[in-house]
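Down below is the structure, laid out as structure tokens.
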Amino acid sequence: LEIPGVADYMAAQHTAALVILQDGKIRFERYGEDFDAAGRWTSFSVAKSFTSTLVGAAIHDGHIGALEDKVSQYIPALRGSAYDAVTIRQLLTMSSGVRWNEDYEDPEADVARFNKVQPEPGLDATVSYLRTLPRAHPPGAVWHYNTGETNLIGVLVSSATGRSLAQYLQEKIWHPAGMEADATWLQGKTGHEIAGCCLQAATRDFARFGLFVLANGRVNDQQITPPDWFAQATRKQQDTGQPGRGYGFQWWTYDDGAVAARGIFGQGIFIDPQRRLVIASN
């Protein structure tokens with residue numbers, strides 16, 4: 001497929017990679033910015049959608065009981081904090097009600113400070129910081145974007161499964177889905193993967209993840225997530241205040257049925273089930 005003017009458009013947008021799959025086939029693939037198919041680009045918040053999918057895998061494997069379980073059931077250090085009453089579902093939908101500032105331009109915002117504060121001895125860095133935060137709203141009442149909570153979801157998965165997040169990703173998604181290149185996942189100061197960010201993978205493999213979603217987590221007769229997982233995860237669970245859009249389980253949703261994983265610097269996986277369409281971009 002050739003698209004007139006696409007080279008000029010990609011250059012103007014500083015697009016490093018664009019891979020379009022339709023009906024499981026590559027319809028378009030182009031690279032720029034001295035990047036190529038072998039390159040691995042940091043996902044930033046695209047990683048959030050991978051992390052939430054691992055919750056589905058952990059439920060299917062029996063490591064996590066139910067979405068209505070309290071997070072503190074799996075992370076005991078959160079007991080007595082504002083997260084004590086928060087369910088896994090509320091964490092997935094960013095509706096915990098715990099106060100958080102995600103302003104990237106404010107050096108005193110939580111999103112900046114929680115990477116700098118020295119963790120309490122023996123505690124994961126994310127848990128150590130988040131358990132000190134106060135409550136702003138009742139659990140489930142208000143949607144508020146919070147990268148720290150996605151990092152907490154990563155701790156939840158590793159605590160429940162007894163595996164590192166990278167190991168569990170490799171076991172449940174990377175190998176079954178047939179990813180062609182190795183990926184890496186940056187770690188925080190206490191050695192846990194930064195679940196809300198920082199997964200490095202080839203663009204084709206980000207697109208393959210889109211196919212995994214379209215297949216409802218089933219690969220080669222193996223069901224990785226509960227069969228109805230993506231029907232829930234990619235459905236509007238919270239109103240974000242944007243007409244025609246919403247938020248699912250760490251997915252941005254559209255009222256027409258499409259869904260997207262989005263990163264701050266133009267990374268993305270766009271999925272339209274009706275057209276069997278996946279677009280991965282960097």
Under 3.5 Å, is there a donor-acceptor pair between the side chain of [X] and the main chain of [Y]?
X	Y	value
Thr190	Ala125	yes
Thr150	Gly196	no
Glu193	Ala166	yes
Asn115	Ala112	no
Arg99	Ala136	no
Thr87	Glu68	no
Ser52	Ser49	yes
Asn101	Asp110	no

If you compare all heavy atoms of [X] against all heavy atoms of [Y], which two are closest, and at what distance to 0.1 Å?
X	Y	result
Leu214	Pro273	CD2-CA, 3.6 Å
Asp103	Val111	O-CG1, 3.9 Å
Glu149	Val98	OE2-CB, 4.2 Å

*Mind checking whether Trp174 and Phe50 have parallel, tilted or perpendicular rings, split at 30° and 60°?*
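The arrangement is tilted - the two ring planes meet at 30° to 60°.
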*Going by the angle between their ring planes, with limits at 30° and 60°, are Tyr254 and Phe270 parallel, tilted or perpendicular?*
perpendicular
*If you count the non-hydrogen atoms of other residues, nucleotides and ligands that lie under 6.0 Å from CG in Asp34, is the total more than 12?*
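Atom CG in Asp34 is not crowded, with 12 or fewer foreign heavy atoms closer than 6.0 Å.
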*Same cluster or not: are Leu67 and Phe230 linked, directly or through other Ile, Leu, Val, Met, Phe, Trp or Tyr residues, by side-chain heavy atoms under 4.5 angstrom apart?*
yes
*Under 6.0 Å between the ring centres of Phe265 and Trp41?*
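No - the distance between ring centres of Phe265 and Trp41 does not fall below the 6.0 Å cut-off.
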